[in-house]
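Structure first, then comments.
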Amino acid sequence: MRIIVQNAKCQGHARCAAHAPHIFKLDDAGYILPGNIEVAEEEKLTASRGARSCPERALKLDLNPAARVEPDVIPPRVRRA
Amino acid sequence: MATNPVPDHVPPEMVRDFSLFTSPGMSPTPNGDPHAAVACVHSGPPIFYSPLNTRDGRGTWVITRASDQRRVLQDSETFSSHRNIFASALGESWPMIPLELDPPAHGAFRSLLNPLFSPKRVAALEPAVRERAIRLIDGIAASGTSCDVMKDFAFPFTVSIFLHLLGLPDDRIDTFVGWGRDLLHGDDVKRPAAARTIVSFIDELAAARRNDLVDDFMTFIVQAQVEGRRLTKQEVRGVGVLVFVAGLDTVAAAIGFDLAYLARNLKDQELLRGEPGRIVAAAEELLRAYPTVQLIRVATKDIDFEGAPIRKGDYVSCATTIANRDPAEFECPNTVDLAREDNRHATFGYGPHRCLGSHLARREIVIGLEEWLARIPAFRIKKCTAPITSGGHVFGIENLILDWS
């Protein structure tokens, strides 16, 4: 699973990090660091709860990123749980 | 109070007899429930026009759905924060900063202040916050089996933490709280008088820190740089006034509403006392159920919004108290469910102006509830007393006499 981070929508509520600080890393101002987040199989539940907690809807779940063909994007390596 | 007629472009069928100031349950009411009182708007249209919905008697559009409020508050190009609400009470025109600035100017000031109120910084403050809560509550527990939570705990607790953060002495708490009360809940005479007092206080404090640097917030502000330059005196005032005013009232009100709920719902009280691990999630739900502020934006251009002809200059109200009771966003919104999941409430606003103090506010509320429940046995509202609640621009609770005899 991958979490798509829409940085421009992050307003520093930090609810994601409150659920899972090791998955959602914040900068010194309390806003999410840029870059999508690859989530290990065993962290799926915590990570999706964190993503769903965003009041701005800045975090999107991509449940099956490896199976999708995305032009101009190198498919991420699938992590083994 | 000036009353404006409904502007010509507002279709008469979109005007509703609703106001955060004058509707039933909004004026000071013993045993009132202003949050339940505003929830009734959800049986009506998603947007309507309220002819009298600001402190100075202006009309606003009212956005009821949380998703529409998100749209408004995330779009600062169309919906501006530039209102000079504080200065206008003095017949002046300068913004509270960063609250009343729009991006991109907003961003420079916000970046300056964000690290001071970040989750990391708030975590470092936690031991001092907890110590203050414990000291106050131990004092209350030692002196009897009843107290006025607002006067004896909620205000001294939240305001002292905040004064400490600003580097201001505790011994003037009562004076500062009085200024805040007059400013946020006072009449047309008290309000401008309080505003003037606060401006003078901040101006004098800034001048003192310019002459004599110490390790506190105002010293940081007078020395800080944005875009490669020092802040102007007016900008220092704008930041100082905002941060001062923002800490005086809302967190204390939240703690008051929360303890009033628990005093009336002994099962929930017992649950949290027995399983304090639930308090973090419970505090989030109480934040949802009992938010305090109305956010107002000004349209920068004509826009048709969900069928409403919003015109340039119109005021648009996004009341957190209304969004948090939206049944499209929250299942059974009028029920307090202390274990509610996916609780993405609007209490701290949406968009770039998300409450700067949100992380501190959350910690104070959680710590306040944890230490209160750990030290005070089963409590109820004292017989023959009634908490007085009010609506308005900022919802409030004046008194809360609890009894655990």
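Throughout, a chain's letter reflects where its sequence line sits, starting with A, and its residues are numbered from 1.
- Crowding of B/Glu77 atom CD: a count of heavy atoms from other residues, nucleotides or ligands under 6.0 Å not exceeding 12.
- One finds the CZ atom of B/Phe348 at 8.5 Å from the CZ atom of A/Arg15 (value rounded to the nearest 0.5 Å).
- Here the closest non-hydrogen pair linking A/Leu26 and B/Pro119 is CD1-CG, 4.1 Å.
- Shortest non-hydrogen contact noted between A/Gly30 and B/Ser118 is N-CB, 4.3 Å.
- Within the 4.5 Å cutoff, the side chain of A/Glu56 has heavy atoms near those of the B/Tyr350 side chain.
- Looking at B/Arg121, neither its backbone nor its side chain comes within 4.5 Å of chain A, counting heavy atoms on both sides.
- Below 4.5 Å, heavy atoms of chain A meet heavy atoms from B/Arg110, B/Asn114, B/Pro115, all part of residues 110-117 of chain B.
- Distance check, rounded to the nearest 0.5 Å: SG of B/Cys355 to NE2 of A/His13 gives 10.0 Å.
- The environment of B/His164 atom NE2 is sparse: at most 12 non-hydrogen atoms of other residues, nucleotides or ligands sit within 6.0 angstrom.
- Using a 4.5 Å heavy-atom cut-off against chain A, the contacting residues of residues 318-342 of chain B are B/Glu329, B/Glu341, B/Asp342.
- Considering only heavy atoms from C-beta on, B/Arg344 stays 4.5 Å or farther from A/Cys54 through its side chain.
- When the candidates B/His345, B/Lys120, B/Gln74 are compared by the number of heavy-atom contacts under 4.5 Å with chain A, B/Gln74 comes out ahead.
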